[in-house]
Every structure is written in C-alpha cells, then in structure tokens.
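Computation of the quantities below employed the complete heavy-atom set of this structure, encompassing side-chain atoms and omitting hydrogens, waters and symmetry-equivalent molecules. Please read these numbers as outputs of a predicted model, since none were measured by experiment.
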Amino acid sequence: MTKIIKNELYETLAQREFNPSETLHVIQYNKTVYWSWGVERKVNYYDKALLLIVNGHHHKGLLVITLAWNDTYSFHLINNDGTLKETVTEVYFDELQERIDQKIEYIKNYK
C-alpha cells in the first residue's frame with residue numbers, strides 16, 4: 001500500500017485514524033469475494049482511510065473505507081468522476097465484507 005496526496009473529499013469522510021492493514025485482512029477473509037470486486041489498487045490514506053480502486057458489477061470506481069468514532073466502519077462509493085455515489089455507515093467489522101460485496105459485485109443468481 002502506498003500513501004497519496006491529501007484530498008478534500010477523503011478528509012471530510014475520515015473520522016479517526018486506524019490500521020488499514022488490519023481492515024484489509026477483514027475484507028479479504030473470503031478471498032473469492034474480495035477478488036470478485038476487481039481490486040486494482042490499494043492505498044493507505046494517512047491511516048485515516050483505506051482506498052480501493054474496484055471494478056465490480058454494480059460499482060466501478062473508488063471504495064473508501066473509514067473508521068467512525070463509535071468503532072464501526074463506514075464505506076463510501078465514489079464514481080470515476082470524483083462524485084460521491086453512496087455512503088453506508090454503522091457497519092460492524094464482521095459484516096464489512098458482505099455489506100461491501102452487496103454494493104459492488106453481489107448477484108443473487110450466483111451459486
């Protein structure tokens with residue numbers, strides 16, 4: 001993971017510092033699900049956010065994962081043009097991968 005220059009949107013989405021590497025392990029628990037998102041790049045944004053460039057069935061663009069003050073995760077879907085598409089808040093760590101997958105890739109008919 002690499003760090004990038006500061007971005008105003010990412011700064012407004014971030015609440016507190018956390019270890020993005022630990023979060024990456026959580027969302028990679030089921031590797032098949034994780035790789036179905038078409039992750040092209042992972043970025044540690046100053047220990048305030050984990051940024052993933054994804055190429056899924058439902059969302060192509062940026063996934064920004066942040067940790068809230070109440071120890072729940074939030075994730076934000078950002079379109080390729082830089083506009084915020086959707087924000088999901090109050091996600092506990094054990095449901096993070098599944099909730100992200102529903103927004104990025106999940107198709108009910110998959111077996």
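- For the pair Thr72 and Leu67, the minimum side-chain heavy-atom distance is 4.5 Å or more.
- Scanning all heavy atoms of the two residues, the minimum distance from Val43 to Arg41 falls at CG2-NE, 3.9 Å.
- A pairwise comparison of heavy atoms in Gln97 and Asn30 identifies NE2-O, 2.9 Å as the closest pair.
- Interatomic distance, Asn44 CG to Lys42 NZ, rounded to the nearest 0.5 Å: 12.0 Å.
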side-chain contact (heavy atoms from CB on, under 4.5 Å) between Leu77 and Ile104, worked out: CA-CA 9 Å; Leu77 304 176; Ile104 292 178; 4.2 Å; yes
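- The closest donor-acceptor contact from the side chain of Glu105 to the backbone of Gly56 lies at 3.5 Å or more, if one exists at all.
- In this structure, the separation between NZ on Lys85 and CG on Leu63 is 11.5 Å, given to the nearest 0.5 Å.
- His58 contributes atom NE2, which lies 9.5 Å from atom CD of Gln102 (distance to the nearest 0.5 angstrom).
- One finds the OH atom of Tyr29 at 14.0 Å from the CG atom of Leu96 (value rounded to the nearest 0.5 Å).
- Scanning both residues, Leu84 and His76, for their nearest heavy atoms gives CD1-CB, 3.9 Å.
- Looking only at atom types and distance, the side chain of Glu90 has a donor-acceptor partner in the side chain of Asn70 under 3.5 Å away.
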What verdict does the side-chain contact (heavy atoms from CB on, under 4.5 Å) test give for Leu24 and Tyr34, after you've listed the backbone C-alpha separation in whole Å, the side-chain angles of each residue and the deciding distance to 0.1 Å? CA-CA 10 Å; Leu24 191 58; Tyr34 172 78; 4.0 Å; yes
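- Between Ile78 and Val64 the shortest side-chain heavy-atom distance falls below 4.5 Å.
- Ile65 contributes atom CD1, which lies 8.0 Å from atom CZ of Phe75 (distance to the nearest 0.5 angstrom).
- The two atoms that bring Pro20 and Asp47 nearest to each other are CD-OD1, 3.6 Å, heavy atoms only.
- In summary, the side chains of Tyr45 and Glu11 do present a donor paired with an acceptor at a separation below 3.5 Å, with no hydrogens or angles considered.
- His59 places a side-chain N or O within 3.5 Å of a backbone atom of Leu62 that can act as its donor or acceptor partner.
- The side-chain heavy atoms of Ile107 and His57, taken from C-beta on, include a pair separated by under 4.5 Å.
- One N or O on the side chain of Asp81 and one on the backbone of Thr83 form a donor-acceptor pair closer than 3.5 Å.
- Other residues, nucleotides and ligands contribute only 12 or fewer heavy atoms inside 6.0 Å of the CZ atom of Phe93.
- Residues Asp101 and Trp37 share a closest heavy-atom pair of OD1-NE1, 2.8 Å.
- Residues Thr23 and Tyr73 have side chains that bring a donor and an acceptor to within less than 3.5 angstrom of each other.
- In this structure, Arg16 pairs ionically with Asp71, as a charged nitrogen and a carboxylate oxygen lie closer than 4.0 Å.
- Looking only at side-chain heavy atoms (C-beta outward), Val39 and Ile53 stay at 4.5 Å or farther from each other.
- Considering all non-hydrogen atoms of both residues, Ala49 and Leu51 come closest at CB-CD1, 3.8 Å.
- The distance from the NZ atom of Lys103 to the OG1 atom of Thr87 is 10.5 Å, given to the nearest 0.5 Å.
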